[in-house]
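I have placed the structure first, in the form of structure tokens, so that the comments after it can refer back to it.
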Amino acid sequence: MPNTPSWNIPYPDSSTLAADLPARFKDMAVGFDTALTTAALKPVTNPQHVVAASAAARDAYWGTPATEQARLALQAKGAITTRTDTGCVERYFATYNAISNPAGTTPAGWYPVSGALPFGQVLRAPVPVTIRYGQYDNISSSSYWAPARLQGGMSAFASGWKPPIAGDYRIEAELLTAGTGPVALLTGFTTGATAPARPTDLLGGQTQYALQGFVLANPGLTRRLTPSDTIRLWGYSQAAATELQTTPAAGMSISLRYIGPPVGA
């Protein structure tokens with residue numbers, strides 16, 4: 001019986017008798033096992049994938065691990081759950097440890113990995129907004145924004161976005177200034193209610209000059225957030241009071257998008 005050139009795995013060919021096939025298939029299986037062992041490759045297993053209509057139903061099936069050993073065991077299973085109530089697919093992660101579990105999360109738990117991931121967006125409401133000269137104004141007041149999209153367990157906008165779970169998020173905003181003259185506007189985000197006192201208090205801030213055009217407030221800003229954070233948008237006019245458009249305009253929005261679990265440090 002011939003053998004493969006790289007891993008020396010035997011296999012039947014046209015000269016193999018039908019009566020000898022059971023034995024030859026066994027030789028081939030042993031050859032695969034030897035090759036995998038030699039290559040130090042771990043056997044591949046199909047992870048369990050269940051469907052649950054709620055977190056309670058998911059936990060009733062998988063259990064709630066109370067020790068780190070149990071959490072690591074559940075992670076090692078590659079446990080996956082499709083949530084029909086949120087539309088997302090979740091995977092379980094044990095607690096992050098730089099040495100023993102670098103692929104873990106803080107905290108341990110179930111995190112969305114695909115499907116309808118948490119996302120929220122509000123659009124500009126037809127309410128006058130003035131960003132005063134020389135001080136930071138909170139542009140995140142709920143009266144300035146109209147709900148647009150909520151999915152994946154994201155809570156309604158309440159003068160800011162609150163992440164439903166820990167994870168890495170993309171924070172974005174677009175504003176449209178009114179008037180015909182140039183403006184000097186500093187915009188940025190915070191995770192708390194305290195007004196920033198300086199640009200370094202913002203998650204990211206930059207001076208934007210616009211002539212009756214879009215002012216992008218930290219487009220694509222990515223941060224690791226927790227449910228205790230509240231994302232607020234602030235504006236600081238560096239020249240004179242700056243008016244935002246008083247009518248809804250396509251693209252004027254504040255959004256928070258979940259990217260993935262808080263894996264690693």
Side-chain angles (χ1 to χ4, degrees), residues 7 9 11 25-26 28-121 148-156 161-172 220 222-229 255-265:
W7 294 99
I9 300 172
Y11 61 92
F25 284 139
K26 178 180 178 181
M28 188 167 58
V30 172
F32 278 120
D33 189 67
T34 301
L36 289 171
T37 302
T38 302
L41 296 176
K42 295 182 179 180
V44 176
T45 59
N46 291 321
Q48 290 178 270
H49 191 157
V50 302
V51 178
S54 65
R58 176 200 65 203
D59 294 341
Y61 179 85
W62 293 106
T64 304
T67 65
E68 196 55 40
Q69 182 179 4
R71 287 189 279 270
L72 286 168
L74 187 53
Q75 174 182 285
K77 287 181 179 179
I80 299 174
T81 300
T82 293
R83 290 280 297 277
T84 57
D85 57 331
T86 61
C88 71
V89 177
E90 299 176 325
R91 182 182 158 201
Y92 187 83
F93 294 84
T95 306
Y96 165 77
N97 183 286
I99 297 174
S100 62
N101 190 29
T105 59
T106 303
W110 290 93
Y111 290 91
V113 292
S114 64
L117 301 178
F119 173 70
Q121 183 184 56
R149 286 187 59 189
L150 288 175
Q151 70 177 42
M154 184 73 75
S155 299
W161 285 118
K162 288 193 71 66
I165 56 173
D168 295 330
Y169 287 82
R170 182 177 295 276
I171 312 164
E172 296 179 328
T222 301
R223 287 292 186 275
R224 181 158 293 185
L225 304 173
T226 71
S228 64
D229 295 322
S255 62
L256 183 65
R257 184 184 301 275
Y258 172 89
I259 300 173
V263 174

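Only heavy atoms go into these numbers, but all of them, side chains included; no hydrogens, no water, no symmetry mates. Position 1 is the first residue of the sequence, and the numbers go up from there. On a predicted model such as this, the values are computed, not experimentally measured, just so you know.
Closest approach of G167 to P262, counting heavy atoms only: CA-CD, 3.7 Å. Closest of all the heavy-atom pairs between S54 and A57 is OG-N, 3.1 Å. Summarising the geometry of P118 relative to P112, their closest heavy-atom pair is CD-CG, 4.2 Å, with the distance given to 0.1 Å. Of all heavy-atom pairs spanning T82 and H49, the tightest one is OG1-NE2, 2.7 Å. Across every non-hydrogen atom of P261 and D168, the tightest pair is O-OD2, 3.8 Å. When all heavy atoms of T81 and A52 are compared, the pair lying nearest together is CG2-CB, 3.8 Å.
Within the 4.5 Å cutoff, the side chain of M154 has no heavy atoms near those of the Y258 side chain.
The side chain to side chain donor-acceptor pair (under 3.5 Å) pairs that include a residue from residues 68-80 are E68-R71, E68-T95, Q75-N101, where partners are two or more places apart or lie in different chains. Sorted pairs that involve residues 107-119 and meet side chain to side chain donor-acceptor pair (under 3.5 Å), not counting sequence neighbours, are lacking altogether.
The OH atom of Y61 sits 4.0 Å away from atom CD of Q48, with the distance rounded to the nearest 0.5 Å. For the atom pair CZ (R149) and CD (Q121), the distance works out to 7.0 Å, reported to the nearest 0.5 Å. The CZ atom of R223 sits 11.0 Å away from atom CD1 of I259, with the distance rounded to the nearest 0.5 Å. Rounded to the nearest 0.5 angstrom, T64 OG1 and R58 CZ are separated by 8.0 Å. Here the straight-line distance linking atom CZ of F119 with atom CD of Q151 works out to 7.0 Å at 0.5 Å rounding. One distance of note links OH of Y92 with CG of D59; it measures 9.5 Å at 0.5 Å rounding.
Under a 4.0 Å N-O distance rule, the pair R83/E90 qualifies as a salt bridge.
Side chain of R224 to main chain of A265: a donor-acceptor pair is present (N/O by atom type, distance under 3.5 Å, no hydrogens or angles).
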*Do R257 and L117 pass the side-chain contact (heavy atoms from CB on, under 4.5 Å) test, and can you show the C-alpha distance, the side-chain angles, and the key distance before you say yes or no?*
CA-CA 8 Å; R257 184 184 301 275; L117 301 178; over 6 Å; no
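Scanning for side-chain contact (heavy atoms from CB on, under 4.5 Å) contacts around A76 gives an empty result, with sequence neighbours left out.
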